[in-house]
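Contents: one structure, followed by commentary.
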Amino acid sequence: MCEKYDLAHVSTGDILREAVARETKVGLEAKSFMDRGELVPDQVVIAIVKDKLAEIGERGFVLDGFPRTLAQAEALDVALEDLALPLEHVFSLEVSDEELVRRLSGRRVCPDCGEPYHLVSKPSTVEGKCDKCGGQLVHRADDQPDAIRNRLKVYSEQTSPLLGYYRTKGLLIGIDAVGGIQDILARISGVLDR
Ligand code: AMP
């Protein structure tokens, strides 16, 4: 999607995982929160996103996994105002908890190139090996059952209030996220192309 619309993709999860792998100061601070399925403290994540937005400049962007708390949403409003950039749409990808647990518990990822797999719906050709680069696939610590349960609880307590926040601003668009990746992308494109 980002290629089709020439948008920068800013995933706070990817940025944090890279910081953990490189053992930077941010990575060392974030790791234990991430492994437990807790949110990394707001000030850390907000600083990361502000830096990225300043880097991106005029080009459009998709923020993926951010904001996840009201404090982050408010900080984003201020940052975008400072940069004179508008927030045009907020997509809420809607899927049941049961389906989320199925997706997350079966997910395997390549730590070398980032390619995601699923044990049932997108298995690698050779078990445990990345089709793209031959890396050894891993089961992320935050995709283990206890961490998944915690992530769902954190979402309901800290992130779901953002639905009301963006609905009030007239920006929220619910997307039925059941089905294949291409189907879901087509639903989002349908909104962007309007
Ligand atoms: P994700 O890949 O988006 O599910 O993110 C993986 C993990 O990174 C999350 O479970 C959090 O620990 C951390 N993380 C990512 N984005 C944020 C955010 N906006 N605020 C706090 N923690 C985050």
Side-chain angles (χ1 to χ4, degrees), residues 1-2 7-56 61-80 87 89-97 99-118 122 137-163 165-166 171-172 175 177 181 184-185 188:
M1 186 182 82
C2 288
L7 300 170
H9 178 205
V10 180
S11 157
T12 42
D14 284 352
I15 295 169
L16 288 167
R17 273 185 291 279
E18 197 190 319
V20 170
R22 288 174 37 219
E23 300 184 345
T24 64
K25 187 167 166 276
V26 164
L28 295 174
E29 189 177 350
K31 185 175 183 333
S32 63
F33 293 99
M34 295 173 76
D35 285 351
R36 291 194 306 270
E38 301 282 345
L39 294 183
V40 172
D42 282 336
Q43 71 274 17
V44 174
V45 187
I46 288 168
I48 288 174
V49 172
K50 275 175 136 177
D51 284 353
K52 276 279 162 196
L53 289 176
E55 225 176 78
I56 290 166
F61 54 86
V62 173
L63 293 176
D64 170 357
F66 182 94
R68 269 163 139 119
T69 64
L70 278 175
Q72 292 178 18
E74 285 162 4
L76 177 62
D77 287 344
V78 174
L80 291 176
L87 189 61
H89 306 290
V90 175
F91 291 106
S92 164
L93 303 187
E94 290 161 2
V95 68
S96 68
D97 280 5
E99 172 64 5
L100 277 180
V101 171
R102 187 196 74 76
R103 288 184 190 177
L104 297 176
S105 55
R107 176 162 65 179
R108 300 293 182 270
V109 288
C110 176
D112 300 334
C113 72
E115 184 68 9
Y117 295 86
H118 189 276
K122 191 190 164 196
L137 302 185
V138 297
H139 189 183
R140 278 168 41 177
D142 62 345
D143 284 343
Q144 306 288 342
D146 280 354
I148 292 175
R149 269 189 291 279
N150 204 23
R151 287 164 75 186
L152 292 174
K153 184 166 164 271
V154 165
Y155 174 83
S156 135
E157 291 173 0
Q158 299 189 55
T159 305
S160 68
L162 296 188
L163 297 175
Y165 183 81
Y166 287 118
L171 293 174
L172 189 74
I175 296 285
I181 292 173
I184 300 162
L185 274 180
I188 297 174

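Start at 1 and go down the list; that is how both ligands and their atoms are numbered.
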Between L137 and V109, is there a side-chain heavy-atom distance shorter than 4.5 Å? no
If the condition is salt bridge (charged side-chain N to carboxylate O under 4.0 Å, His left out), which residues does E115 pass it with, not counting sequence neighbours?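 If we apply the salt bridge (charged side-chain N to carboxylate O under 4.0 Å, His left out) test to E115, skipping adjacent residues, the hits are K122, K132.
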Which part of [X] is near ligand 1, with near meaning a heavy atom under 4.0 Å away: side chain, backbone, both or neither?
{"X": "E38", "result": "backbone"}
{"X": "Q158", "result": "neither"}
{"X": "V45", "result": "side chain"}
{"X": "D14", "result": "neither"}

Could you tell me, atom by atom, which parts of ligand 1 come under 4.0 Å of a heavy atom of [X]?
{"X": "R151", "answer": "4 (O)"}
{"X": "Q72", "answer": "18 (C), 19 (N), 20 (N), 21 (C)"}
{"X": "T12", "answer": "15 (C), 16 (N), 17 (C), 19 (N)"}
{"X": "L16", "answer": "8 (O), 13 (C), 14 (N), 15 (C), 23 (C)"}

Looking only at distances, can you tell me whether any N or O atom of P67, backbone or side chain, sits closer than 3.5 Å to an N or O atom of ligand 1?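 Between P67 and ligand 1 (N or O atoms, distance only) the closest approach is not under 3.5 Å.
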Does the N or O separation between G65 and ligand 1 drop below 3.5 Å for any pair?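 Yes, at least one N or O pair falls under 3.5 Å.
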Taking CD1 in I181 as the centre, count heavy atoms belonging to other residues, nucleotides or ligands within less than 6.0 Å. Is the count above 12?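 Atom CD1 in I181 is not crowded, with 12 or fewer foreign heavy atoms closer than 6.0 Å.
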Whether over 12 other heavy atoms sit under 6.0 Å from E23 CD: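 For E23, atom CD is not crowded (no more than 12 foreign heavy atoms under 6.0 Å).
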Considering only protein heavy atoms, which is closest to atom 8 (O) of ligand 1, and at what distance to one decimal place?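 Of the protein heavy atoms, M34 CE, 3.5 Å lies nearest.
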among protein heavy atoms, the one nearest atom 22 (N) of ligand 1 is V40 N, 3.0 Å
Any donor-acceptor pair under 3.5 Å from T12 side chain to G65 backbone: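 Side chain of T12 to backbone of G65, a donor-acceptor pair under 3.5 Å: yes, one is there.
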Measure the distances from the heavy atoms of R36 to every atom of ligand 1 and state whether one is below 4.0 angstrom. no
Run the side chain to side chain contact (heavy atoms under 4.5 Å, CB included) test on D64 and V10 for me, step by step, so that the C-alpha distance in whole Å, both residues' side-chain angles and the decisive distance to 0.1 Å come before the verdict. CA-CA 6 Å; D64 170 357; V10 180; over 6 Å; no
Salt bridge flag under 4.0 Å for residues E29 and K25: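 So E29 does not pair with K25 through a salt bridge.
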Side-chain donor-acceptor pairs under 3.5 Å in residues 43-55, sequence neighbours left out?
none

Supply the atom-to-atom distance R149 CZ to D97 CG, rounded to the nearest 0.5 angstrom. 12.0 Å
Check: of R68, K31, R17, min heavy-atom distance to atom 18 (C) of ligand 1 comes from R68
